[in-house]
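Structure, as structure tokens:
Chain letters run A, B, ... following the sequence lines, proteins first, then strands; residues in each count from 1. The analysis underlying the following values was restricted to heavy atoms, covering all of them including side chains, and did not include hydrogens, waters or symmetry mates. From a predicted model like this one, the values you see are computed outputs, not experimental measurements.
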There are 2 protein chains.
Amino acid sequence: MTKTDVLSLAILGMVAEQPLHGYQIRKRLGAELGPFRALSYGSLYPCLKRMVADGLLVAEGEDSSAASASRRSRIAYALTADGKARLDDELSSSGSGAWDDDAFDVRFSMFGKTDSATRLRILEGRRTRLAERLDEVSTSMQRVRDRHDAYTAELHRHGLEQVEHEVAWLDQLIEHERSATRGDNSTSASAGKN
Amino acid sequence: MTKTDVLSLAILGMVAEQPLHGYQIRKRLGAELGPFRALSYGSLYPCLKRMVADGLLVAEGEDSSAASASRRSRIAYALTADGKARLDDELSSSGSGAWDDDAFDVRFSMFGKTDSATRLRILEGRRTRLAERLDEVSTSMQRVRDRHDAYTAELHRHGLEQVEHEVAWLDQLIEHERSATRGDNSTSASAGKN
DNA sequence: GTTAGCATGTAAGGAGTTACATGATTTT
DNA sequence: AAAATCATGTAACTCCTTACATGCTAAC
């Protein structure tokens with residue numbers, strides 16, 4: 001079974017469009033999830049190996065035909081049937097921990113390949129998670145206020161504001177998703193950028 | 001030398017006010033840094049032991065005198081002279097990596113014990129770090145826009161907005177800090193809560 | 001008297017980083 | 001020809017979590 005972690009999921013999603021080699025995967029991961037969260041090769045390559053061993057990917061040595069007599073050492077990774085099945089499974093399941101910061105971002109970046117119902121489920125799950133955070137933080141703000149530390153209080157106030165902002169963002173997306181579902185149930189990706 | 005990591009620093013700052021035992025430290029850490037980032041005992045207790053071994057803390061068995069014939073198993077940790085020196089050192093140094101998310105939060109929560117000049121240095125350092133992030137993200141947004149994925153673009157747009165919001169917050173704090181320095185150079189903690 | 005919360009610890013393991021080691025290809 | 005960038009990998013290590021193991025104390 002080998003649980004699908006966030007990184008594996010991101011790789012599955014990335015390789016689904018076209019075979020890629022490790023170096024490219026790392027760059028795209030950096031581009032999609034934010035460049036400052038770039039991940040090291042020391043994480044990536046072992047993960048790719050594991051996924052090949054698990055039968056989710058195949059490693060293809062560059063084809064030595066036609067155009068390119070160059071570049072021998074590159075290894076392109078492509079989805080196997082199992083890998084495709086696993087990806088489809090994850091894409092429709094709003095899986096185990098899709099509400100964590102990282103997992104949510106990965107899931108969201110794949111919304112273009114996700115059906116509307118699952119998109120909605122993920123957005124709502126994330127919203128619920130943030131709402132929980134919201135009242136945990138406001139509860140602890142009370143306690144901090146009692147201990148008269150203005151800077152700590154300010155830190156919490158700002159944290160709260162950030163979470164509130166994210167909730168508002170989700171509400172917009174959810175609203176958008178719902179109205180799109182009422183009209184037609186296409187998989188079109190058209191998030192509002194007003 | 002034994003580099004002071006974020007956790008140790010947070011503990012030093014916490015114990016500086018009064019001796020505390022492990023359980024209390026964990027609760028306060030949760031309260032100050034946000035309850036959802038609570039840290040496990042499996043991290044905390046070994047860290048406390050390390051700090052005692054390094055001579056930064058002393059472990060005091062509850063005094064068996066007067067009032068309390070109860071509670072034998074509690075161990076209160078207090079700062080040693082070395083620990084106090086280390087804390088003062090860190091508090092005035094805006095040390096190695098004070099710009100990371102976690103490190104900044106810990107530093108900020110100790111602003112009440114930090115002098116104005118160091119506060120300003122930390123705020124500006126953080127601001128610079130976020131500004132870097134800002135143009136890394138906007139650069140990568142361009143690349144994403146080329147690959148026509150509306151959801152990924154929306155994720156980046158929102159991320160950008162969050163970072164911009166945090167920069168605006170820092171600007172306010174920096175402005176506040178500067179005007180306070182011009183008037184008087186007290187260590188008073190009076191962050192604006194309009 | 002039993003449940004909930006206080007209190008301390010250890011062992012195993014997960015998920016990642018840094019530093020190292022190597023070599024090909026493209027640009028200047 | 002040197003430097004930058006593309007490309008792949010391993011080993012050691014860090015930091016943290018989970019699960020376990022233990023026992024006291026207060027409240028219901």
Side-chain angles (χ1 to χ4, degrees), chain A residues 1-11 19-31 33-54 57 59-62 64 67-77 96-97 100-103 106, chain B residues 1-11 19-31 33-54 57 59-62 64 67-77 96-97 100-103 106:
Chain A
M1 223 53 357
T2 330
K3 249 189 338 197
T4 315
D5 57 304
V6 193
L7 177 54
S8 305
L9 178 58
I11 292 171
L20 293 167
H21 52 264
Y23 196 90
Q24 284 176 315
I25 290 172
R26 190 196 184 229
K27 277 215 315 189
R28 294 219 183 173
L29 233 42
L33 271 46
F36 46 92
R37 281 164 181 169
L39 125 131
S40 64
Y41 296 118
S43 275
L44 178 59
Y45 286 115
C47 182
L48 287 168
K49 282 208 157 182
R50 214 182 316 128
M51 291 173 79
V52 170
D54 291 350
L57 300 180
E60 299 168 333
E62 200 92 336
S64 50
S68 57
S70 58
R71 283 214 167 86
R72 276 151 299 125
S73 61
R74 289 161 74 170
I75 300 167
Y77 293 91
S96 33
D100 296 330
D101 295 326
D102 286 351
V106 168
Chain B
M1 226 29 23
T2 331
K3 249 190 336 195
T4 315
D5 56 303
V6 194
L7 177 54
S8 306
L9 177 59
I11 292 172
L20 293 167
H21 52 264
Y23 196 90
Q24 285 176 315
I25 289 172
R26 191 198 183 227
K27 276 214 315 189
R28 294 216 182 173
L29 234 41
L33 272 47
F36 46 92
R37 281 163 182 169
L39 126 130
S40 64
Y41 297 119
S43 276
L44 178 60
Y45 285 115
C47 181
L48 288 168
K49 282 208 156 183
R50 215 182 316 127
M51 291 172 79
V52 170
D54 292 351
L57 300 179
E60 299 168 331
E62 201 94 334
S64 50
S68 57
S70 58
R71 283 215 167 85
R72 276 154 299 125
S73 62
R74 289 161 75 171
I75 300 167
Y77 293 92
S96 31
D100 296 330
D101 295 327
D102 286 350
V106 169

The side chain of [X] lies closest to which of these nucleotides: [options]?
X: B/Ser43; options: C/dT18, D/dT17, D/dT8; value: D/dT17
X: B/Tyr23; options: D/dT17, C/dC6, D/dG9; value: C/dC6
X: A/Lys27; options: D/dG9, C/dG9, D/dC6; value: D/dC6
X: A/Ile75; options: D/dA7, D/dT8, C/dT8; value: D/dT8
X: B/His21; options: C/dG9, C/dA7, D/dT8; value: C/dA7
X: A/Leu7; options: C/dC6, D/dT18, C/dG16; value: C/dG16
X: B/Tyr41; options: C/dG16, C/dT8, D/dT17; value: C/dT8
X: A/Gln24; options: D/dA7, C/dT8, D/dT8; value: D/dA7
X: B/Lys49; options: D/dT17, C/dT10, D/dG9; value: C/dT10

What distance separates [X] [atom1] from [Y] [atom2], expressed to the nearest 0.5 Å?
X: B/Lys49; Y: B/Ile75; atom1: NZ; atom2: CD1; answer: 8.0 Å
X: A/Tyr77; Y: A/Leu57; atom1: OH; atom2: CG; answer: 8.0 Å
X: B/Leu20; Y: B/Arg74; atom1: CG; atom2: CZ; answer: 10.0 Å

By the 4.0 Å heavy-atom rule, please label A/Gly42 as base, sugar-phosphate, or nothing.
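Result for A/Gly42 = base.
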Using a 4.0 Å heavy-atom cut-off, does A/Ala59 contact any base of the nucleic acid, only the sugar-phosphate backbone, or nothing at all?
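Nothing, no heavy atom under 4.0 Å.
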I need the CD1-C1' distance between B/Ile25 and C/dC6, as an integer number of Å.
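Atom-to-atom, B/Ile25 to C/dC6, this comes out as 15 Å.
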Nearest whole angstrom, please: distance from the P of C/dT18 to the CG of A/Leu39.
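In whole Å, C/dT18 P and A/Leu39 CG are 11 Å from each other.
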